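Working notes, beginning with the structure itself.
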Amino acid sequence: MLGALTLGASLIAAPAAQAASAPPATAQITVNGASGGRTFDGIGAVSGGGATSRLLLDYPVAQRDQILDYLFEPNYGASLQLLKVEIGGDTNTTDGSESSHEHARGVVDCNAGYEWWLMKEAVRRNPNIKLGALAWGAPGWIGNGEYYSDDNIEYMLDWLGCAKSQGLTIDNMGVRNERTYDAAWIKQFRAALDKAGYTRVRIIASDEAASHGAWPIADAMAADPALNDAVGLLGNHYSTGPSSDTAQTLNKPLWVSEGGPWSAEWGAGGALKSIPAELNHNYIQGRITGDEIWNLITSYYEGLSISDAGLMRANTPWSGEYTVQSAIWAMAQTTQFTQPGWHYLDDSSGYLDNSDQDQGSYVSLRSPRGGDWSTVIENIGTTAPRTVTLSTTGGLKKGPLHVWQTTATQSFERQADLRIDGQGQYTVTIPANSTVSITTTSGQHHGDAAGPAASAFPFPFTSSLATGGASGQTPYFSQMEGAYEERPCHAGRSGTCLAQVSPQPAISWAAWKQPAGIVGDLDWSNYTTSVDTYIPAGGTGEILGRAGSAAMPSVPNGYGLTLAADGSWSVGKGVGGRTWQQLSAGQLGGASTGWHTLALGFAGNDITASIDGEQVSSVTDSDWQSGMVGLSGNYAATQFQNLSVKPLADVATVDDSVQGDGGIAYTSTDWEHCGSSHKGKGCEGFTPDDISSAYGGTVSASNRAGATATVNFTGTQVKLYGVLSRSGGAADLTVDGSSPATLSFATAGGRNGAASGLVWESPVLPSGPHTLKVVVAGSHGGNGWVGIDRIDSIPGLAGPSSVDDQSTGPGLGRFDYAGSGWVSCPGCINRPGLFHSSETSSTNPGDTATFAFRGTSVDLYGLRASNQGIAEISIDGAPAVEADFYGKVRQGNQLIWQSPTLAPGTHTLTITVAGKGAEHASGTEIGVDRAVVNP
């Protein structure tokens, strides 16, 4: 992943914000099968740089297979033809670290990590996919810290040996991600590959970040025949514009070996850098024949760097939910219409308007066998349709042409076939801001699998930290630095523990200062967390709370309790992702090697720390109000077991049978209330054993569309438990008027028998009163039942509640954005200090963000910077006042405006982009970061 490039919000603006002037009405394309052109190598994506696919491994098998199908199955979704994976190096490489296959010299583990599994799944779906590999960093033992060393050549050969043992054939290997190459080392690596029998493994170089079409290694290859012989592929990152003449004359394939707009939304990147535009322009301008998008899938936690850069989103494995985003279909518009080995037709590829490349482009390719051909046309960012006429020559097939298109509102839909007219031409209308593929081939398909509704990370949460399987990856735990894998427990403790197994600092790429890993929900605020920790001689162990991540930080944000082997302990906090500040410290009575229980508690601004059940510290600090939990320590063999995260008070439970005050309000005639001996209508779907095993021995069921169950609760989260059955129906759930989450009450695969368990968990809510509503939405076969077992609520703490800008939609406690200019920037990498590393911004006058809340006042926080402008802010429709977002220093999470004290109740904050700035401001942007609700 490109660390130095600053793309930011400008590349993920809504298409309307980048719209060009209306193009000419028509264009003519002659598809000439006799044209010359380079061989198409394929289109794919990058898994890594770093740990971007981590959470995919933890999905339920059914949903995981569906996700993998969308990525790799030919003619189903993205239909990827290339896959590059990270060679794990035990070091952070953007969104975490990936485990090395060789943490220490000579100790090779060919099961470490998850990229082996991912490659095998890709090959299982597409045996013709080309696999590549690239290292960002490496374990510190290599070359005594020198990356370009003989050690590293042996290390790379060991990795290839692992790939071979896994039944994988590797097509290409890179040198190092976005670092200066070493020509002598590349030549030595080539010789070593050949000697070891890997003659068909091509070296791709140099994976540097290009600037203005430069390909730095090409000049060196032209001057050094041995280097030219060693390198099989030229790969640049984020190359735009023409590739250099030297690169093109080397007669080597040219790839953009990492590219993309860092967003999966349609049109992200605009007329020049959106995925459809990039794929076409790269060949037209640069004769680039292979493209790999960073990254494969957003399977990493919210708040980590560039949180929506994958082709699709799958980062809630606990719920099974995933989102097939527009980038999947942007890729499909090429990959489902051509195959590696086809040839570009240079005479039939170009721009719809040669005077303005922003008006759209097209590329044409033909099969090396027979006369099949395809033309892919894109006009991303335009505002008017264009009529295109096509004709063919040079031995290409004629006859009906098949047409598929994707727009901002249509995902890969087949259109009416084109038929030749009396002039030997085909005519097609290209909608504005779209991609259209025209082909003689068939078999294209829009995948139809869908996952369940999203559900929050489980809370309370417990984990033995010992269920990760062969890869050693404990479910939901994402390592940020170092390597955490499962090992037999030390010091007489039975079973398996999570151990930090990287024995030394790595040759880093974007390293944290010490090993660490995170798990949980950024919105967790008031809780206690504990973990059993083994401290070896010379070692330290640490538990983190309210942890988050700045952009590729050296330390985590949040708080930590550290215990060292000499008995010293300390409580500290991260400051800006760069430094760690000690808040308190002390000494236990004697050495502390062995097992201990470390615990942190958070209640508003009060933070407590305990060791082995004895409180050692109490501090007050307000810097970090919410965040995940984590584990850390130094590079000793520290181990962990039995992680726990709990609310400060007991969970409140309402059984389905409890009605009236403090219970559930049912629409009276629509529900059957089933006990173990009840045989009424609606209960026949559940056996007496099913009912008796439910909480309280009762189930309330309905199959009438519109039947409603409502419960009022006070707290920060709500959990619905139900009884699923083969004849289960569906229900819509809302909290405080939110957008509905549609849930299925059918057992997986329609299996026989019923099952009682958690059906849905709300996101974290502002502490206070809320309303959950369950509405029967439909039924299975017209007779499906929704069975409610119980409802749990998580108690809150009296005090302020923060709501991030990414909590969106209608209802209370959410930002509802309206207007065409709003741009979401999750995991922003060039805006320091943002709450949860995200903001939502607009420069479009009149755009609004409304925030409804229950409380007595609200505080608005935003991004201050020199380009920030003025917003008009009002409460409950009162006359607006101006709030200035300007700041000399760019810094997020800054207090912008505070409301006056309001009467207790429901209120609405309205933020309107004014489209102006103060005299000293360089822009008019408004960047919303969070709101703080005061009860």
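Worth saying up front: this structure is predicted, and the values here are computed from it rather than measured. All heavy atoms count here, side chains included; hydrogens, waters and symmetry mates do not.
Nearest approach of Gly48 to Glu98, heavy atoms of both residues: CA-OE2, 3.4 Å. In this structure, Thr856 and Pro935 approach most closely via the heavy-atom pair OG1-O, 2.8 Å. Considering all non-hydrogen atoms of both residues, Gln63 and Pro452 come closest at CG-CD, 3.8 Å. Scanning all heavy atoms of the two residues, the minimum distance from Trp897 to Val881 falls at NE1-CG2, 3.5 Å. When every heavy atom of Pro845 is checked against every heavy atom of Gly915, the shortest pair comes out as CG-CA, 3.7 Å. In plain terms, the two heavy atoms of Thr474 and Ser463 that are nearest each other are CG2-OG, 4.1 Å.
Here the CG-OG1 distance, from Asp736 to Thr771, works out to 5.5 Å after rounding to the nearest 0.5 Å. Separation of atoms CH2 (Trp624) and CG (Leu544) is listed at 12.5 Å; rounding is to 0.5 Å. How far CG of Asp847 is from OG1 of Thr912: 9.0 Å, rounded to the nearest 0.5 Å. Between the CG atom in Leu304 and the OG atom in Ser478 there is a gap of 6.5 Å [rounded to 0.5 Å]. Of the inter-residue distances, the one linking Asp816 atom CG with Thr808 atom OG1 reads 8.0 Å to the nearest 0.5 angstrom. In this structure, CG in Leu522 is found 4.5 Å from NE2 in His836, a value given to the nearest 0.5 Å.
Distance alone, capped at 3.5 Å, places no donor-acceptor pair between the Ser305 side chain and the Asp95 backbone. With His770 contributing its side chain and Gly715 its backbone, the two residues share a donor-acceptor pair below 3.5 Å. With Tyr301 contributing its side chain and Tyr476 its backbone, the two residues share a donor-acceptor pair below 3.5 Å. Judged by distance alone, with hydrogens and angles left aside, the side-chain atoms of Asp929 form no donor-acceptor pair with the main-chain N or O of Glu839 at under 3.5 Å. Of the possible polar contacts, none joining the Ser837 side chain to the Leu834 backbone as a donor-acceptor pair under 3.5 Å is found. Under a 3.5 Å cut-off, the side chain of Ser47 and the backbone N or O of Ser53 do not form any donor-acceptor pair. Formation of a donor-acceptor pair under 3.5 Å by the Trp509 side chain with backbone atoms of Asn177 is found in this model. Side-chain N or O atoms of Ser762 include one that pairs as donor or acceptor with a backbone N or O of Val718 at under 3.5 Å. With hydrogens and angles ignored, the 3.5 Å screen pairs no side-chain donor or acceptor of Thr529 with any backbone N or O of Val629. Remark: the backbone N or O of Ser767 is paired with a side-chain donor or acceptor of Ser801 at under 3.5 angstrom.
Taking the six-membered ring where the residue is Trp, Tyr559 and Phe602 present tilted rings, their angle falling between 30° and 60°. The aromatic rings of Phe815 and Phe851 lie tilted to each other, with the angle between the two planes from 30° to 60°. The aromatic rings of Tyr527 and Phe459 sit perpendicular to each other, their planes meeting at more than 60°, with 30° as the lower class boundary. Ring geometry for Tyr817 against Trp822 counts as tilted: the plane angle lies between 30° and 60°, on a 0 to 90° scale.
If you check the side chains of Glu925 and Ser842, you find no donor sitting under 3.5 Å from an acceptor. Glu302 and Ser307 form no side-chain donor-acceptor contact under 3.5 Å, judged by distance and modelled atom types alone. Donor-acceptor pairing under 3.5 Å is recorded for the side chains of Glu86 and Thr93. Side chains of Asn295 and Glu258: a donor-acceptor N/O pair is absent below 3.5 angstrom, by distance only. Residues Thr91 and Ser508 bring no donor and acceptor atom of their side chains to less than 3.5 Å of each other. Under the 3.5 Å distance criterion, with hydrogens and angles disregarded, no donor-acceptor pair is assigned to the side chains of Ser866 and Gln868. Between Tyr59 and Trp318, the side chains place no donor N or O within less than 3.5 Å of an acceptor N or O (distance only, hydrogens not considered). A donor-acceptor pair shorter than 3.5 Å cannot be found between the side chains of Tyr322 and Asn315. Under the 3.5 Å distance criterion, with hydrogens and angles disregarded, a donor-acceptor pair is assigned to the side chains of Arg930 and Ser802. Side-chain contact of Glu542 with Gln514: a donor-acceptor pair under 3.5 Å is present, judged by distance alone. Gln325 and Asp308 share a side-chain donor-acceptor pair at under 3.5 Å. Judged purely by distance below 3.5 Å, without hydrogens or angles, the side chains of Asp805 and Ser838 pair a donor atom with an acceptor atom.
Counting heavy atoms from C-beta outward, Leu56 and Arg54 have side chains that stay 4.5 Å or more apart. Considering only heavy atoms from C-beta on, Trp136 stays 4.5 Å or farther from Ser97 through its side chain. Between Ile875 and Val858 the shortest side-chain heavy-atom distance falls below 4.5 Å. In this structure, the side chains of Phe461 and Leu643 come closer than 4.5 Å at one or more pairs of heavy atoms.
In this structure, the ring of Phe457 has its center less than 6.0 angstrom from the ring center of Trp524.
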task: Take Ile873 and Leu860 through the test side-chain contact (heavy atoms from CB on, under 4.5 Å) and record every step on the way to the result.
output: CA-CA 10 Å; Ile873 298 180; Leu860 175 65; 3.7 Å; yes
task: Applying side chain to side chain donor-acceptor pair (under 3.5 Å), run through Gln806 and Ser824 and close with a yes or a no.
output: CA-CA 8 Å; Gln806 297 293 299; Ser824 173; 3.2 Å; yes
task: Using the side-chain contact (heavy atoms from CB on, under 4.5 Å) rule, take Arg831 and Cys825 through it: C-alpha gap first, then chi angles, then the decisive distance, then the call.
output: CA-CA 10 Å; Arg831 295 163 177 78; Cys825 188; 3.8 Å; yes
Worked check of side-chain contact (heavy atoms from CB on, under 4.5 Å) between Asp621 and Lys573: CA-CA 9 Å; Asp621 192 86; Lys573 67 176 180 178; 2.9 Å; yes
- prompt: What do the steps show when you test Thr323 against Glu321 for side chain to side chain donor-acceptor pair (under 3.5 Å), and what is the final call?
  reply: CA-CA 7 Å; Thr323 304; Glu321 183 267 346; 3.0 Å; yes
- prompt: Going through the distances and angles, do Thr924 and Thr843 end up as a side chain to side chain donor-acceptor pair (under 3.5 Å)?
  reply: CA-CA 6 Å; Thr924 62; Thr843 59; 5.2 Å; no
- request: Start with the C-alpha gap between Asn92 and Gln479, add the side-chain angles, then the distance that decides, and say whether side chain to side chain donor-acceptor pair (under 3.5 Å) holds.
  value: CA-CA 8 Å; Asn92 189 289; Gln479 60 194 39; over 6 Å; no
- request: Run the numbers on Glu882 and Lys916 for salt bridge (charged side-chain N to carboxylate O under 4.0 Å, His left out), then give the verdict.
  value: CA-CA 11 Å; Glu882 290 189 345; Lys916 64 181 182 180; 2.6 Å; yes
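Legend: residues meeting ring-ring contact (aromatic ring centres under 6.0 Å, His included) with Tyr886, ordered by chain and number and at least two apart, are His920. Here Trp760 pairs with nothing under the ring-ring contact (aromatic ring centres under 6.0 Å, His included) rule; sequence neighbours left out.
Each of Asn557, Leu863, Asn893 was scored for a side chain to side chain contact (heavy atoms under 4.5 Å, CB included) with Phe835, with one residue passing: Asn893.
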